[in-house]
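One-based numbering, in listed order, for ligands and for the atoms of each. The chain is numbered in sequence order, starting from 1.
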Amino acid sequence: MARLGVNIDHIATLREARKTQAPLPLQGAFICEKAGADSIVAHLREDRRHIKEKDLILLRNNIRTRLNLEMSTAKDVVSVACKVRPDRATLVPEKRRELTTEGGLDVVSNSARIKEVSRKLSKNGIEVSLFIDPDKRQIDRTAMLGIGVIELHTGRYANARSAQERKRNLTQISQAAVYARNKGIRVSAGHGLDYRNIAAIAALKMFEEFNIGYSIICYALFVGLEQAVRKMKSLVR
Ligand code: PXP
């Protein structure tokens with residue numbers, strides 16, 4: 001049965017709209033856990049636009065499930081990760097001006113830095129996952145680096161404008177998942193998943209975990225976070 005990781009970045013986005021203390025991401029994390037979330041996901045961006053180091057420390061010290069930290073390979077972010085020691089670090093590409101993570105990590109072009117960072121994280125007891133596009137070359141390089149976990153980027157599937165395009169992207173994701181699993185790599189998926197598009201991808205039964213943020217937080221505005229997480233958890237299952 002697939003697990004659900006809930007990304008709580010946008011609780012911090014709302015807090016930063018007023019630069020006050022509320023709403024507290026940790027409080028949201030507690031509700032997510034109560035509603036069945038299997039892990040809490042947070043992205044410490046280089047510009048610290050939502051989640052801050054203090055949020056990570058609070059999460060690390062208080063949540064009962066797993067902490068999955070999304071992060072770039074920037075030096076200062078890596079040193080925060082080594083200090084906080086999340087259960088998993090998911091390496092993602094990061095551009096300053098993007099609204100959200102736009103594509104997968106280019107493992108092929110950045111393998112030296114990824115190797116260095118993943119070794120450092122592993123030495124600190126942190127499991128490393130790479131957020132990549134469903135692309136065999138990226139999977140091959142991940143395997144060459146000895147990294148055993150990936151999260152496949154589902155953004156193109158989620159943003160498809162036609163049923164045909166959606167189907168093509170779903171096939172690509174499914175083939176990439178099979179390819180990675182045959183190499184002994186554990187596979188999660190995420191980005192852009194919502195209450196409608198989750199069904200087809202969950203039905204593939206190929207993913208250990210789905211990491212979902214924006215759609216849950218949006219729905220939570222109207223029905224409450226607990227109900228929003230419970231509903232997504234039942235769809236992921
Ligand atoms: N997985 C990764 C690696 C991400 O960068 C994000 C966005 O922070 C998500 C999952 C969640 O994406 P969304 O907020 O679109 O559900």
* Asked: Which bit of Y214 gets closer than 4.0 Å to ligand 1, counting heavy atoms only: side chain, backbone, both or neither?
  -> both

* State plainly whether the residues R141 and D135 are in salt-bridge range, i.e. N to O under 4.0 Å. => no

* Sidechain N-carboxylate O distance under 4.0 Å for E151, R88 -> no

* To do: Could you see which bit of E70 sits under 4.0 Å from ligand 1, with heavy atoms only: side chain, backbone, both or neither?
  => side chain

* Atoms of ligand 1 less than 4.0 Å from E151 heavy atoms? -> 1 (N), 2 (C), 3 (C), 10 (C)

* **With sequence neighbours excluded, residues passing side-chain contact (heavy atoms from CB on, under 4.5 Å) with D194** => R196, N197, S215

* To do: Pull out every atom of ligand 1 sitting under 4.0 Å from any heavy atom of N7, numbered as shown with elements.
  => 8 (O)

* To do: Would you sort out whether E209 and R186 count as a salt bridge (charged side-chain N to carboxylate O under 4.0 Å, His left out), showing the intermediate values?
  => CA-CA 10 Å; E209 189 166 59; R186 292 159 51 204; over 6 Å; no

* Under 3.5 Å between some N or O of ligand 1 and some N or O of G192? -> yes

* **Numbering as shown, the atoms of ligand 1 that approach V92 to under 4.0 Å (heavy-atom distance)** => 3 (C)

* To do: Output yes when the distance from some N or O of ligand 1 to some N or O of G213 is under 3.5 Å, and no in every other case.
  => yes

* Any S215 heavy atom less than 4.0 Å from ligand 1 -> no

* Asked: Just by modelled atom types, is the R85 backbone N or O under 3.5 Å from a matching donor or acceptor in the R60 side chain?
  -> yes

Would you be so kind as to tabulate the donor-acceptor pairs closer than 3.5 Å made by side chains of residues 173-180, with sequence neighbours excluded?
residue, atom, partner, partner atom, Å
Y179, OH, D140, OD1, 2.7
Y179, OH, D140, OD2, 3.2

